[in-house]
2 protein chains.
Amino acid sequence: MADNATSGESLLFLTDEQLRKGIEAMFFAYQGFTADPDRILDTLEYGRAHHRAVHFINRSPGLTVSSLLAILGVTKQSLNRVLRTLFEDGLVEARVGKTDKRERRLHLTEKGAALERSLSDAQRARMRAAYRAAGPQAVQGFRMVLEAMMDPEMRRQYQGFKEDNP
Amino acid sequence: MADNATSGESLLFLTDEQLRKGIEAMFFAYQGFTADPDRILDTLEYGRAHHRAVHFINRSPGLTVSSLLAILGVTKQSLNRVLRTLFEDGLVEARVGKTDKRERRLHLTEKGAALERSLSDAQRARMRAAYRAAGPQAVQGFRMVLEAMMDPEMRRQYQGFKEDNP
DNA sequence: CTTGGAATGTCAACAAGGCTGACGTAAATT
DNA sequence: AATTTACGTCAGCCTTGTTGACATTCCAAG
């Protein structure tokens, strides 16, 4: 890492080896990222799919089934199986849309909100530790790279989610 | 949240909202991260599990089944199902261990290496684009945060994998 | 030299959570 | 009035994870 200060410096981080390291970092980090919530979910007979649904319903109360479908990128049959158990267990409730009565606006119940907190507390704790260890500068870079790695459609989901209630 | 410029500046990135954004960034980015290889695998009747196996066998030729088990964090029954199809299709071959004849050292065949290249080319292309868009500084931060997020055991897998052949 | 344990494979059964295809209903839109 | 949209549901399939049980081979230690 001595004297490619002339031209190489800006390309050094794009070698195949660097990229391979990045790929594995994503793989191993994602394992850690999901490990804590997974442990909690296991004891409650839920899975990662439930976590995702609960997370996004909490983030955007009143979002519609089709919005959630778009965010998660799964089929409605798949999502419905999950939502059904969440309804049955009283974690999520659906309210008929005000303007459009075909829509079902999804909300967490108090019980659902409690689960969400328990899951995201665990996940945030790990994220907080990682952020603290790496420092603010690194966090900014982390976010930039992740954002650049998203599919454009998903990047929109990530950035703008305020316009859900009409 | 106005004037913590004095002490708060270093903690600003640890707010719950910042952490939530980080969590979603991981979720959406991971979708993108796996999207390209997944498309290729689909056409070939393989799945993500095959990709992972092929990736790590390529990374460390001659690694044993139990090492691979530890890296992937799945049961041997699960891994074996995947390995069997890779053997049958002539992508991976197992050589009996030199010193310990119980071990099966895993290697990619030429065909397997070709698949690996095709998959990792796709994945690297996306990673390269993200790296390029975010810049070297950001990449360093990206790697630091991801590393801090791993489980300690997995961090070891990530960092040191040279000592595989005795 | 025997014996315990490690490394591996394999059979069976099961579950979560993806998928496709087909069909139904109510409400909105044209 | 006809079509489209939003949603639900039934049925069936696949991948990939799980447990549990059992066999083989071989290293290593008593």
Side-chain angles (χ1 to χ4, degrees), chain A residues 27 30-31 34-35 37-55 57 62-89 92-106 164 166, chain B residues 27 30-31 34-35 37-55 57 62-89 92-106 164 166:
Chain A
F27 172 71
Y30 203 79
Q31 280 190 176
T34 54
D38 278 359
R39 262 188 293 275
I40 297 173
L41 290 159
D42 249 31
T43 72
L44 301 175
E45 309 268 274
Y46 291 125
R48 233 177 251 183
H50 301 86
H51 183 189
R52 293 196 280 262
V54 164
H55 171 94
I57 293 171
L63 95 171
T64 63
V65 173
S66 52
S67 309
L68 187 50
L69 241 30
I71 291 172
L72 298 178
V74 299
T75 59
K76 64 174 175 177
Q77 293 90 328
S78 198
L79 175 58
N80 239 274
R81 194 166 28 198
V82 168
L83 281 184
R84 203 178 325 164
T85 75
L86 293 174
F87 291 144
E88 285 167 0
D89 297 353
V92 172
E93 60 180 29
R95 305 177 193 156
V96 173
K98 264 214 168 83
T99 62
D100 187 334
K101 290 178 190 164
R102 292 169 305 176
E103 295 176 339
R104 301 177 67 188
R105 302 276 175 167
L106 303 171
D164 254 333
Chain B
F27 172 71
Y30 203 79
Q31 280 190 174
T34 54
D38 279 358
R39 263 188 292 275
I40 297 174
L41 291 159
D42 248 30
T43 72
L44 301 176
E45 309 268 274
Y46 291 124
R48 231 177 253 184
H50 300 86
H51 182 188
R52 292 196 280 262
V54 164
H55 172 92
I57 294 171
L63 95 170
T64 64
V65 172
S66 52
S67 310
L68 188 50
L69 241 31
I71 291 172
L72 298 177
V74 299
T75 59
K76 63 176 175 174
Q77 293 91 330
S78 197
L79 175 58
N80 238 275
R81 194 164 31 199
V82 169
L83 282 183
R84 202 180 320 162
T85 76
L86 293 175
F87 291 146
E88 284 166 1
D89 296 354
V92 172
E93 60 181 28
R95 305 177 193 156
V96 172
K98 266 214 169 85
T99 61
D100 187 335
K101 288 179 188 162
R102 290 169 305 178
E103 295 177 339
R104 301 177 67 188
R105 302 277 175 164
L106 304 170
D164 254 334

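A note on names: the letters A, B, ... follow the listed sequences, proteins ahead of strands, and every chain is numbered from 1.
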Winner on side-chain proximity to B:Lys76, out of D:dT16, D:dA21, D:dT18, is D:dA21

What is the distance, rounded to the nearest whole Å, between atom NZ of B:Lys98 and atom P of D:dC26?
-> 17 Å

Could you state the atom-to-atom distance from CG of B:Asn80 to P of D:dT24 in whole Å?
-> 17 Å

Out of C:dA22, C:dA27, C:dA7, which nucleotide sits closest to the side chain of A:Asp100?
-> C:dA27

Roughly, in whole Å, what's the span from CG in A:Asp42 to P in C:dA15?
-> 15 Å

Walking DNA chain C from its 5' end, the first of B:Arg84 and A:Glu45 to be reached, judged by nearest nucleotide, is B:Arg84

Is any side-chain N or O of B:Thr75 closer than 4.0 Å to OP1 or OP2 of D:dT18?
-> yes

Can you name the nearest heavy-atom pair linking B:Phe27 to A:Ile71, along with the distance?
-> CE2-O, 4.2 Å

Roughly, in whole Å, what's the span from CZ in B:Arg48 to P in C:dC19?
-> 11 Å

Taking atom P of C:dA16 as reference, at what distance in whole Å does atom CG of A:Leu44 sit?
-> 14 Å

Distance, rounded to the nearest Å, where A:Gln77 contributes CD and C:dA16 contributes P = 18 Å

Using only side-chain N and O atoms of B:Ser66, determine if any of them is under 4.0 Å from OP1 or OP2 of C:dA7.
-> no

Would B:Arg81 and B:Gln77 count as a side-chain contact (heavy atoms from CB on, under 4.5 Å) if you check the C-alpha gap in whole Å, the side-chain angles of each, and the deciding distance to 0.1 Å?
-> CA-CA 6 Å; B:Arg81 194 164 31 199; B:Gln77 293 91 330; over 6 Å; no

Should A:Leu83 and A:Leu106 count as side-chain neighbours, where that means a heavy-atom distance under 4.5 Å?
-> yes

Please report, rounded to the nearest Å, how far the C1' atom of C:dA7 is from the CZ atom of B:Arg105.
-> 12 Å

So which one's nearest nucleotide on DNA chain C is more toward 5', A:Lys101 or B:Arg81?
-> B:Arg81

Below 4.0 Å: OP1/OP2 of D:dT15 and any side-chain N or O of B:His50 = no

Would you kindly give the CG-to-P distance between B:Leu79 and D:dT18, to the nearest whole Å?
-> 10 Å

State whether a side-chain donor-acceptor pair under 3.5 Å links A:Ser67 with A:Thr64.
-> yes

Among residues two or more places apart or on two chains, list those pairs meeting side-chain hydrogen bond (donor to acceptor under 3.5 Å, both in side chains) that have a residue in residues 44-55 of chain A.
-> A:Thr34-A:Arg48, A:Asp38-A:Arg48, A:Tyr46-A:Asp89, A:His50-A:Thr85, A:His55-B:Glu24

Hey, does the side-chain of A:Arg102 have a donor or acceptor N/O within less than 3.5 Å of a partner on the base of D:dT5?
-> yes

